[in-house]
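These values consider heavy atoms only, across backbone and side chains, with no hydrogens, waters or symmetry-generated copies. Model, not experiment: these values are computed from the prediction. We name chains A, B, ... by the order of the sequence lines, and we start the count at 1 in each one.
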Protein chains: 2
Amino acid sequence: MPDLIHDGDSAAAVSSLRSAVMLLGRRLKHQRVDESLSPTEMSVLGTLARCGSATPGELARKEHVQPPSMTRIVALLEAKGLVRLEPHPDDRRQKRVSQTEQAEAMLAESRTKRNAWLSRLAEGLDEDEWETLRAAAPVLEKLAHL
Amino acid sequence: MPDLIHDGDSAAAVSSLRSAVMLLGRRLKHQRVDESLSPTEMSVLGTLARCGSATPGELARKEHVQPPSMTRIVALLEAKGLVRLEPHPDDRRQKRVSQTEQAEAMLAESRTKRNAWLSRLAEGLDEDEWETLRAAAPVLEKLAHL
DNA sequence: GGTGGTATTTAGTTTGGGTAATGAGTTACG
DNA sequence: CGTAACTCATTACCCAAACTAAATACCACC
């Protein structure tokens with residue numbers, strides 16, 4: 001690969017990207033759909049929705065969080081009835097985490113509310129800008145998981 | 001404005017955007033260029049670099065942080081010699097915050113290091129994907145500040 | 001069967017933000 | 001004028017969500 005990001009424009013883009021991501025993240029933290037669920041808890045539910053089920057360790061790696069943090073998060077989600085823990089079939093060290101029906105319903109509701117919030121925010125963007133952002137969303141997601 | 005984000009594709013984009021922003025934010029937190037500077041401190045320096053100087057209150061609004069938090073951040077930056085505090089010419093309640101030459105030098109260095117990190121990450125993207133992201137950066141920034 | 005490595009958890013700490021209450025300074029209005 | 005209401009910054013205290021280090025339980029291989 002050539003020097004993708006070593007020209008001036010791209011250096012500016014990197015700075016811009018970094019500060020925008022941090023700022024938006026801070027603001028999203030306050031825009032919880034369910035007051036009792038932290039952003040990372042939400043993210044874990046989303047991951048489970050995509051992947052079906054996973055072990056705590058796998059979730060920690062996917063969310064780029066340390067294993068002890070994931071233990072706590074999973075415990076909280078279980079206490080709220082959003083997640084089910086079963087023993088791993090092959091390895092008794094591990095556990096299998098999967099989402100409950102309740103979680104699925106909550107995710108659907110939360111999506112609606114998130115859309116409302118971002119929609120209000122997006123009213124400040126014109127059609128082209130939103131289109132740009134929409135195209136970038138999957139790329140950003142890929143980047144975040146690399 | 002029409003229903004910009006109420007079709008299916010855009011709903012997916014919103015979800016994608018939200019989780020990507022949160023995840024990337026978490027990862028960026030660990031990729032500090034200067035171990036002793038928090039992400040928000042970096043962000044404040046960036047704002048000052050763009051705006052010249054501002055009062056603590058203005059900075060708090062721009063970073064979407066509460067005033068007491070900004071007081072603490074500014075104090076830390078001053079202790080590190082990255083920021084200068086002067087009395088406000090017209091209003092003795094306020095203060096005027098501006099960055100020092102030292103801060104400017106540090107920002108330049110930090111940009112280099114950030115580029116290196118994001119460059120490694122961006123090796124997993126192809127040219128088109130990076131181009132998409134580069135186009136989206138200013139839009140994302142605008143969105144974050146709305 | 002012992003030994004080294006892995007998954008999870010427990011315990012304790014750090015960090016980065018928040019809220020409430022205070023003090024100093026300014027503005028508006030009687 | 002002068003006082004009441006408001007604003008800016010700060011101080012004091014608190015909380016949430018991550019982290020590291022160490023303990024526990026388990027697997028795998030020699």
Side-chain angles (χ1 to χ4, degrees), chain A residues 19 21-32 34-45 53-80 83-98 144, chain B residues 19 21-32 34-45 53-80 83-98 144:
Chain A
S19 69
V21 162
M22 288 184 346
L23 183 49
L24 246 192
R26 200 152 54 228
R27 297 189 66 185
L28 278 167
K29 264 178 45 174
H30 293 292
Q31 271 308 323
R32 313 199 171 161
D34 180 330
E35 204 53 46
S36 68
L37 241 54
S38 82
T40 309
E41 290 174 274
M42 280 301 303
S43 186
V44 166
L45 286 182
S53 76
T55 69
E58 285 167 357
L59 287 174
R61 280 186 293 277
K62 283 184 188 176
E63 302 291 329
H64 287 91
V65 157
Q66 294 304 308
S69 304
M70 193 49 70
T71 293
R72 187 178 25 79
I73 289 164
V74 166
L76 289 172
L77 288 175
E78 192 193 17
K80 288 165 192 154
V83 126
R84 209 186 337 268
L85 273 105
E86 298 156 301
H88 195 284
D90 306 332
D91 185 341
R92 276 184 300 171
R93 289 173 302 181
Q94 303 184 52
K95 291 181 178 172
R96 185 143 289 282
V97 186
S98 55
Chain B
S19 68
V21 163
M22 288 186 343
L23 184 49
L24 245 192
R26 202 152 51 227
R27 297 189 67 185
L28 278 168
K29 265 180 36 176
H30 294 292
Q31 270 309 322
R32 311 196 172 167
D34 180 330
E35 203 53 48
S36 68
L37 242 53
S38 82
T40 308
E41 291 175 275
M42 279 302 302
S43 186
V44 167
L45 287 182
S53 75
T55 69
E58 284 167 358
L59 287 173
R61 280 188 293 276
K62 282 185 189 175
E63 302 291 328
H64 285 92
V65 158
Q66 294 303 307
S69 304
M70 191 49 70
T71 294
R72 187 170 18 77
I73 290 165
V74 165
L76 289 172
L77 288 174
E78 191 193 17
K80 288 166 192 154
V83 128
R84 208 185 341 265
L85 272 105
E86 296 156 303
H88 194 285
D90 305 333
D91 186 339
R92 278 184 300 173
R93 288 172 304 180
Q94 303 184 54
K95 291 180 180 173
R96 184 146 289 281
V97 187
S98 54

key: Validation row: A:L37, A:K80 side chains within 4.5 angstrom (heavy atoms)   = yes
task = Evaluate the side chain to side chain contact (heavy atoms under 4.5 Å, CB included) criterion for residues A:T40 and A:I73: first the C-alpha distance (whole Å), next the side-chain angles of each, then the deciding distance (0.1 Å), finally the verdict.
result = CA-CA 8 Å; A:T40 309; A:I73 289 164; 3.6 Å; yes
request  = Examine D:dC8: is either OP1 or OP2 under 4.0 Å from a nitrogen or oxygen in the side chain of B:T55? Give yes or no.
outcome  = no
inquiry  = Under 3.5 Å, is there any donor-acceptor pair linking the side chain of B:R72 to the base of C:dG17?
reply    = yes
ask   = With a 4.0 Å cut-off on heavy atoms, is B:P56 in touch with a base, just the backbone sugar-phosphate, or nothing at all?
value = sugar-phosphate
key: Rounded interatomic separation in angstrom, taking CZ from A:R93 and C1' from C:dG5   = 8 Å
Any A:T40 side-chain N or O less than 4.0 Å from OP1/OP2 of D:dA17 = no
message = Assuming nearest nucleotide by heavy-atom distance, tell me which of A:R92 and A:S69 is located more 5' along DNA chain D.
response = A:S69
query = Quick one: A:Q94 CD to D:dA25 P, roughly how many Å, whole number?
reply = 17 Å
request  = Using whole Å, report how far CG of B:L59 lies from P of D:dT10.
outcome  = 11 Å
request  = Take the protein atom CD of B:E86 and the nucleotide atom P of D:dC8, then report the distance between them rounded to whole Å.
outcome  = 20 Å
task = Figure out the CD/C1' separation between A:E41 and D:dA18, and round it to whole Å.
result = 12 Å
Protein-nucleotide distance (A:Q66, atom CD; C:dG12, atom C1'), rounded to Å = 16 Å
message = Return whichever of B:D91 or A:V74 has its heavy-atom-nearest nucleotide of DNA chain C closer to the 5' end.
response = A:V74
ask   = Any side-chain donor paired with an acceptor under 3.5 Å for B:S38 and B:E41?
value = yes
query = From D:dA17, D:dT10, C:dT26, pick the nucleotide closest to the side chain of A:P39?
reply = D:dA17
ask   = Taking atom P of D:dC27 as reference, at what distance in whole Å does atom NZ of A:K95 sit?
value = 14 Å
Min side-chain heavy-atom separation A:L45-A:V83 under 4.5 Å = yes
key: Nucleotide D:dA16, atom P - distance to CG of A:L37 in whole Å   = 14 Å
query = Which is true for A:S38 with a 4.0 Å heavy-atom rule: it touches a base, it touches only sugar-phosphate, or it touches nothing?
reply = sugar-phosphate
request  = Taking the side chain as every heavy atom from C-beta outward, state whether A:L85 and A:R96 have any pair of such atoms under 4.5 Å apart.
outcome  = no
message = If you assign A:H64 and B:R61 each to the DNA chain D nucleotide with the nearest heavy atom, which residue ends up on the more 5' nucleotide?
response = B:R61
